[in-house]
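Quick notes on the structure that follows.
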Amino acid sequence: MWKVGDDCVAKYWEDGKFYNASITAVTDKTCVVKFKGYGNIAEVLKSDCLPVVSKENNKKPHYTGPTEFRRSARTYRRQ
């Protein structure tokens with residue numbers, strides 16, 4: 001599915017968040033990506049690379065991998 005030069009959103013291992021990236025190499029299970037705007041390079045699992053949706057075709061993304069939702073530990077008080 002992925003090839004060198006493709007744009008994606010890839011998970012950064014240190015904070016677990018997704019960032020815009022470009023694919024620089026592909027193996028059987030991983031992609032090597034260069035994060036745009038940061039310049040660092042990392043090897044990530046293919047399941048942690050998601051396609052970028054262009055504004056032109058306006059399609060909604062369809063993700064087959066797991067999606068993680070977290071609740072904030074912050075408590076809010078009424079005043």
Side-chain angles (χ1 to χ4, degrees):
M1 171 179 168
W2 294 109
K3 63 184 184 299
V4 174
D6 284 347
D7 289 332
C8 68
V9 234
K11 186 188 282 188
Y12 183 56
W13 66 272
E14 196 167 319
D15 62 6
K17 294 181 182 179
F18 286 85
Y19 297 94
N20 288 325
S22 169
I23 307 249
T24 59
V26 180
T27 68
D28 290 338
K29 295 182 181 181
T30 63
C31 292
V32 177
V33 299
K34 181 174 183 180
F35 289 99
K36 295 180 178 183
Y38 300 97
N40 54 325
I41 296 173
E43 185 174 19
V44 297
L45 294 172
K46 283 185 177 179
S47 60
D48 289 338
C49 290
L50 304 175
V52 175
V53 178
S54 68
K55 292 180 183 178
E56 293 83 38
N57 63 14
N58 204 15
K59 283 181 146 180
K60 292 192 177 192
H62 180 334
Y63 303 118
T64 57
T67 305
E68 183 178 332
F69 295 96
R70 293 186 183 187
R71 290 186 177 201
S72 173
R74 179 180 282 173
T75 57
Y76 296 94
R77 297 180 190 178
R78 275 190 192 182
Q79 294 184 349

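The structure presented is a predicted model; accordingly, all values stated were derived computationally and were not measured.
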Report summary line: Separation between SG (C49) and CH2 (W2), nearest 0.5 Å, reads 6.0 Å
Query raised in the report: Should K46 and D28 count as side-chain neighbours, where that means a heavy-atom distance under 4.5 Å?
Result: no
Report summary line: Connected to V32, directly or through other members, by ILVMFWY side-chain contacts below 4.5 Å are I41
Query raised in the report: With D6, which residues qualify under side-chain hydrogen bond (donor to acceptor under 3.5 Å, both in side chains), at least two apart?
Result: K3
Report summary line: Cluster membership besides L45, Ile/Leu/Val/Met/Phe/Trp/Tyr side chains within less than 4.5 angstrom, sorted by chain and number, is none
Report summary line: With sequence neighbours left out, the residues meeting ring pair (Phe, Tyr, Trp, His ring centres under 6.0 Å) with Y38 are Y19
Report summary line: By side-chain hydrogen bond (donor to acceptor under 3.5 Å, both in side chains), K36 pairs with (sequence neighbours left out) D7
Report task. State plainly whether one hydrophobic cluster holds both F35 and I23, where clusters connect Ile, Leu, Val, Met, Phe, Trp and Tyr through side-chain heavy atoms under 4.5 angstrom apart. Result -> yes
Query raised in the report: Does K34 have any salt bridge (charged side-chain N to carboxylate O under 4.0 Å, His left out) partners at least two apart in sequence or in another chain, and if so, which?
Result: none
Query raised in the report: In terms of hydrophobic clustering (I, L, V, M, F, W, Y; side-chain heavy atoms under 4.5 Å; direct or indirect links), are Y12 and L50 co-clustered?
Result: no
Query raised in the report: Mind checking whether V33 and M1 sit in one hydrophobic cluster, side chains of I, L, V, M, F, W, Y counted as touching below 4.5 Å?
Result: yes
Query raised in the report: Taking a hydrophobic cluster as the set of Ile, Leu, Val, Met, Phe, Trp and Tyr residues connected by side-chain heavy atoms closer than 4.5 Å, whether directly or through intermediates, do V26 and V44 fall within one such cluster?
Result: yes
